[in-house]
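Data block below; observations after.
Small disclaimer: the values here were computed from a predicted structure and weren't measured. Computed from heavy atoms alone, side chains included, the values below leave out hydrogens, waters and symmetry copies.
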Amino acid sequence: MTKDFSKDVLNAINKKTGKGITENSIKKIASGVTAETMQDEAELRKLIKQVSDMAKVKVTESTVNDIVKAVKASGMSMSNMEALMKMMMKK
């Protein structure tokens, strides 16, 4: 993802949630994410919980299921992930 897109995503998240999530807090979580994390449903659910806890935003089980389904359907290429993020920013 481009640096500008990453900043746009962070700004959109902060605006939508009213939270002050920092770039460093995102990097801390992201540093532990691997390709296996995105393919292992249990690990992906754990990652979603970490992010929701960091943002102090409750995520329903239904939303978690939707995110897992979307990530699995994306095929995990960078262009697909960028499109997924753009779609999620619009919600």
Check side chain to side chain donor-acceptor pair (under 3.5 Å) between Ser52 and all other residues, then give those that pass, not counting sequence neighbours. none
Is there side-chain contact between Val64 and Leu44, with at least one heavy-atom pair below 4.5 Å? no
Which heavy atom of Ser25 sits nearest to which heavy atom of Ile21, and what is that distance? OG-CG2, 3.5 Å
By side chain to side chain contact (heavy atoms under 4.5 Å, CB included), which residues pair with Thr37, not counting sequence neighbours? Val33, Thr34, Glu43, Leu47
For Asn11, give me all partners under side chain to side chain contact (heavy atoms under 4.5 Å, CB included), at least two apart in sequence or on another chain. none
Side chain to side chain donor-acceptor pair (under 3.5 Å) filter on Ser31, not counting sequence neighbours, yields none
Any pair with a residue in residues 44-55 that passes salt bridge (Lys or Arg N to Asp or Glu O under 4.0 Å), sequence neighbours left out, goes on the list, sorted by first then second residue, please. Glu41-Arg45, Arg45-Glu61, Lys49-Asp53
Just do the side-chain contact (heavy atoms from CB on, under 4.5 Å) check on Val57 and Val51 with the steps written out, would you? CA-CA 9 Å; Val57 174; Val51 173; over 6 Å; no
